[in-house]
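Have a look at the structure below, then the notes.
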Amino acid sequence: MAGLLRDTGIDERQKDFVHTIETSGDALLGIINDVLDYSKIEAGRIELENAPFNVRQCVENVLDLFATKATQKNLELLARMEAGVPPVIIGDITRLRQVIVNLVGNALKFTAKGEVVISIGSTPIGDGGSHEITFAIRDTGIGIPVDRRDRLFQPFSQVDSSTTRKYGGSGLGLAISRRLAEAMGGRMWVESEDGRGSSFNFTIQAQAQPAAETPRWKEASAAFERVTVLVVDDNAGARAWLAEHLVGWGARVVAKASGREALEFLSGADRCDVALIDRQMAEIDGIELAARVRAIRSRDPLPLILLNSLSDGAARPEFAAQVNKPLKPDRLFSAIDRLFGGQTHSTAPFGALKDRAAALPASSLRVLLVEDNLVNQRVAMMLLAKLGVRPRLVNNGVEALAAYAEQPYDLILMDMEMPVMDGCEATRQIRARDDGKRTWIVALTANAMNSDRRRAFDSGMNDFVSKPIKLSDLESAFKRAAENTEAEVAPVVSADAA
Ligand code: ADP
């Protein structure tokens with residue numbers, strides 16, 4: 001409702017008040033969720049699931065969730081997985097993710113400069129396939145004074161009371177996280193240097209399960225033999241991450257910390273075959289660096305790959321490929337592999353999601369989400385993020401029409417019941433204006449009743465997803481859109497799309 005109020009033509013001061021109501025409401029919701037969770041744990045009411053899941057995927061979900069936040073604060077967000085960590089373990093992915101989300105969220109919150117790195121290691125326990133898996137979330141933030149460290153894991157405690165005012169939060173997150181780690185057979189502790197950063201560490205015990213398939217990049221120990229890669233990134237952690245993976249694939253790596261150093265190197269006699277260029281760098285940014293490299297190497301063009309954290313979806317012909325940050329091994333591998341003519345694209349490293357991505361260049365899609373309910377908005381946004389889609393979000397049919405008038409969309413996800421103007425009416429009006437373009441419109445509706453479906457189709461919608469939205473349903477809807485709108489969805493070559 002606050003969101004609706006904001007758009008009723010009120011003045012700036014009033015908008016400011018409404019914004020406060022909104023963020024306070026959100027903060028309150030966060031606290032209520034924490035309190036409920038904590039009481040559930042205290043009451044001994046948490047039941048952990050025991051199902052196989054992919055550890056890397058769990059961690060990469062978290063990276064995706066915080067990608068925007070990290071970019072906004074210009075922080076490097078990285079995950080490093082040691083060799084020997086079982087790819088698939090049996091446990092509760094939701095609870096593990098919750099703990100990692102909480103720690104990474106804190107790390108980003110309390111860090112103004114530098115990086116947040118998730119490291120994962122493991123040691124076998126006995127011979128029965130059981131492992132102790134260690135997660136460390138290290139940041140370069142404000143750190144925690146020695147005398148405060150123990151208290152942090154107590155419920156409702158924060159380092160000092162001014163924290164609440166500056167950063168918000170309930171002081172329950174760490175208490176919940178520690179209890180969850182304990183419930184998963186592990187423990188949680190913190191190491192910190194005041195003023196220089198913290199490392200929140202925890203372990204869990206889990207049974208390893210043989211993986212169905214090994215990602216291609218894991219086996220590719222000599223794939224890029226004789227390839228020299230120039231890495232240009234101003235963050236030391238990112239350079240180390242890139243070097244570690246590239247060397248693991250047999251490449252030779254030259255790492256430079258700025259555009260200036262890179263240009264110096266390229267003007268010299270040493271050769272390289274491809275350059276990986278970070279976009280967000282001080283002084284000379286990635287885009288500008290590309291232009292300057294082009295000028296130096298106009299006769300003998302060097303293939304450039306953009307490490308993109310801003311993902312504005314713009315086509316960038318000066319780059320042979322784009323790899324989105326946070327960095328993930330499979331993205332990086334496919335981008336380079338494609339350049340050097342790798343032929344084994346068909347083995348999708350990560351199964352179903354990858355298959356879908358191959359069908360549709362998701363990150364290049366312009367998607368409009370029309371949904372009035374805050375909770376549903378959140379769910380949809382998070383699910384879409386998992387599919388690599390960053391939609392524009394509007395609250396009702398009228399706003400949807402305004403957004404549609406501004407720019408065309410490839411796909412519109414349209415709630416049926418909305419205040420101001422409902423989805424069917426908005427669709428009818430879009431159809432009246434869309435002069436043959438036939439934007440693909442998918443209805444979102446709470447009840448999967450046939451009459452609703454008919455109403456949606458009658459108004460001109462193309463497809464139907466019922467709420468609560470499930471990732472798999474959303475995925476299928478995108479697949480159907482790709483199959484039916486091929487001519488209009490121009491594939492953009494980006495590493496994520498491959
Ligand atoms: P919340 O973040 O909701 O206040 P938490 O239990 O997650 O509650 O954290 C408790 C307190 O611990 C925070 O308020 C903050 O003072 C401190 N803290 C947690 N993580 C970090 C970190 N990475 N760096 C510095 N301080 C931290």
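One-based numbering, in listed order, for ligands and for the atoms of each. Residue indices begin at 1 and follow the sequence shown.
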Checklist entry - Can you tell me if Phe153 has a non-hydrogen atom under 4.0 Å from ligand 1? => result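 Outside the 4.0 Å threshold, so no.
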
Next on the checklist: Using heavy atoms and a 4.0 Å limit, tell me yes or no: is Arg148 in contact with ligand 1?
Outcome noted: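 For ligand 1, residue contact (heavy atoms, under 4.0 Å) with Arg148 is absent.
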
Item to check | Contacting atoms of ligand 1, where contact means under 4.0 angstrom from a heavy atom of Gly173 | outcome: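 In order of number, 5 (P), 6 (O), 7 (O), 8 (O).
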
Next on the checklist: Could you tell me, atom by atom, which parts of ligand 1 come under 4.0 Å of a heavy atom of Ala107?
Outcome noted: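 Those atoms are 23 (N).
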
Item to check | Side chain, backbone, both or neither: Leu172 near ligand 1, heavy atoms under 4.0 Å | outcome: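 Only the backbone of Leu172 comes within reach of ligand 1.
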
Checklist entry - Side chain, backbone, both or neither: which part of Leu174 comes within less than 4.0 Å of ligand 1 when only heavy atoms are counted? => result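 It is both backbone and side chain that touch ligand 1.
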
Next on the checklist: Any nitrogen or oxygen of Asp34, side chain or backbone, less than 3.5 Å from one on ligand 1?
Outcome noted: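 N/O-N/O distance below 3.5 Å does not exist for this pair.
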
Item to check | Heteroatom proximity flag, Ile144 to ligand 1, N/O under 3.5 Å | outcome: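 In fact, backbone or side chain, Ile144 has no N or O that close.
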
Item to check | For Gly185 against Gln205, the heavy-atom pair lying closest together | outcome: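 Taking every non-hydrogen atom into account, O-NE2, 3.5 Å.
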
Checklist entry - Taking atom types as modelled and ignoring hydrogens, do the side chains of Gln154 and Arg151 form a donor-acceptor contact shorter than 3.5 angstrom? => result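 No.
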
Next on the checklist: Between Asp285 and Gln280, do the side chains contain a donor N or O and an acceptor N or O under 3.5 Å apart?
Outcome noted: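 Side chains of Gln280 and Asp285: no pair found under 3.5 Å.
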
Next on the checklist: Regarding atom 12 (O) of ligand 1: of the candidates Leu103, Asn102, Asp194, Leu152, which has the closest heavy atom?
Outcome noted: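 Going through Leu103, Asn102, Asp194, Leu152 one by one, Leu152 has the nearest heavy atom to atom 12 (O) of ligand 1.
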
Checklist entry - Looking only at non-hydrogen atoms, which of Val116, Asn106, Ile176, Thr111 approaches atom 19 (C) of ligand 1 most closely? => result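 Minimum heavy-atom distance to atom 19 (C) of ligand 1 goes to Asn106.
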
Checklist entry - Pick from Arg279, Lys325, Lys256: which one makes a side-chain hydrogen bond (donor to acceptor under 3.5 Å, both in side chains) with Asp233? => result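 For Asp233, the side-chain hydrogen bond (donor to acceptor under 3.5 Å, both in side chains) test succeeds with only one of Arg279, Lys325, Lys256, which is Lys325.
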
Item to check | Heavy atoms of other groups near Asp194 CG, more than 12 under 6.0 Å | outcome: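 Atom CG in Asp194 is crowded, with more than 12 foreign heavy atoms closer than 6.0 Å.
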
Next on the checklist: Determine whether Phe202 and Leu180 satisfy the following criterion, side chain to side chain contact (heavy atoms under 4.5 Å, CB included), listing intermediate values before the conclusion.
Outcome noted: CA-CA 10 Å; Phe202 71 98; Leu180 286 176; over 6 Å; no

Next on the checklist: Using 30° and 60° as the class boundaries, would you call the ring planes of Phe200 and Phe153 parallel, tilted or perpendicular?
Outcome noted: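 Rings of Phe200 and Phe153: perpendicular, over 60°.
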
